[in-house]
Amino acid sequence: MSLMRHIQHPNIVRFHTSFAQPVALVLELVPHGALDDVLKAMTGPPNWRLLLMIALDAARGMMYLHTHSPPILHRDLKSANILVSELTA
């Protein structure tokens, strides 16, 4: 948690605070939730431009973490852990 306080990047969700009892983290509100849920709710043909933008944003966030000093490894990158703030490409 102390490391999360210092991470500031447009493609990384912001950490606000934490509580010990009960254990809880307060993070930035991301309006559309997890990519996993966004993909399940999609109807019709895929919006490839939107999906490409989401993939690029996720890659930018991971690049920031991996080039941080010391490097930070996410270790659980999956669609349920990618949060979507916008649905326009």
> Apart from Val26 itself, which Ile, Leu, Val, Met, Phe, Trp or Tyr residues share its cluster (side-chain heavy atoms under 4.5 Å, direct or through members)?
Replying inline: Phe19

> What's the shortest heavy-atom distance between Ala34 and Ala80, and which atoms?
Replying inline: CB-O, 3.5 Å

> Same cluster for Leu29 and Ile12 if Ile/Leu/Val/Met/Phe/Trp/Tyr side chains link at under 4.5 Å?
Replying inline: no

Could you go through residues 60-76 and list every donor-acceptor pair under 3.5 Å that involves a side-chain atom there, pairing it with any protein atom two or more places apart or in another chain?
from: Arg60; atom 1: NH1; to: Asp57; atom 2: OD1; distance (Å): 2.9
from: Thr67; atom 1: OG1; to: Met63; atom 2: O; distance (Å): 2.8
from: Thr67; atom 1: OG1; to: Tyr64; atom 2: O; distance (Å): 3.4
from: His68; atom 1: ND1; to: Pro70; atom 2: O; distance (Å): 3.1
from: His74; atom 1: ND1; to: Asp76; atom 2: N; distance (Å): 3.1
from: His74; atom 1: ND1; to: Leu77; atom 2: N; distance (Å): 3.4
from: Asp76; atom 1: OD2; to: Asn81; atom 2: ND2; distance (Å): 3.1

>> Going by salt bridge (Lys or Arg N to Asp or Glu O under 4.0 Å), name the pairs with one or both residues in residues 37-49, residues two or more places apart or in two chains.
In response: Asp36-Lys40

>> I need the full list of salt bridge (Lys or Arg N to Asp or Glu O under 4.0 Å) pairs touching residues 19-31, with sequence neighbours left out, sorted by first then second residue.
In response: Arg14-Glu28

> Should Val30 and Leu87 be regarded as members of a common hydrophobic cluster, given that ILVMFWY residues are connected when their side-chain heavy atoms come within less than 4.5 Å of each other, either directly or indirectly?
Replying inline: no

> For the hydrophobic clusters of this structure (ILVMFWY residues joined by side-chain heavy atoms under 4.5 Å, transitively), does one cluster hold both Val23 and Val13?
Replying inline: no

> Considering residues at least two apart in sequence or located in another chain, which fulfil the side-chain contact (heavy atoms from CB on, under 4.5 Å) criterion with Ala59?
Replying inline: none

>> The criterion is side-chain contact (heavy atoms from CB on, under 4.5 Å); which residues satisfy it with Pro10, sequence neighbours excluded?
In response: none

> Going only through I, L, V, M, F, W and Y residues with side-chain contacts under 4.5 Å, is there a path from Val38 to Leu83?
Replying inline: no

> Are Phe15 and Ile7 close enough that some pair of their side-chain heavy atoms sits under 4.5 Å apart?
Replying inline: no

> What's the spacing between Met42 CE and Leu51 CG if we round to 0.5 Å?
Replying inline: 4.5 Å

>> Could you see if Leu3 belongs to whatever hydrophobic cluster contains Leu27? Use Ile, Leu, Val, Met, Phe, Trp, Tyr and a side-chain cutoff under 4.5 Å.
In response: no

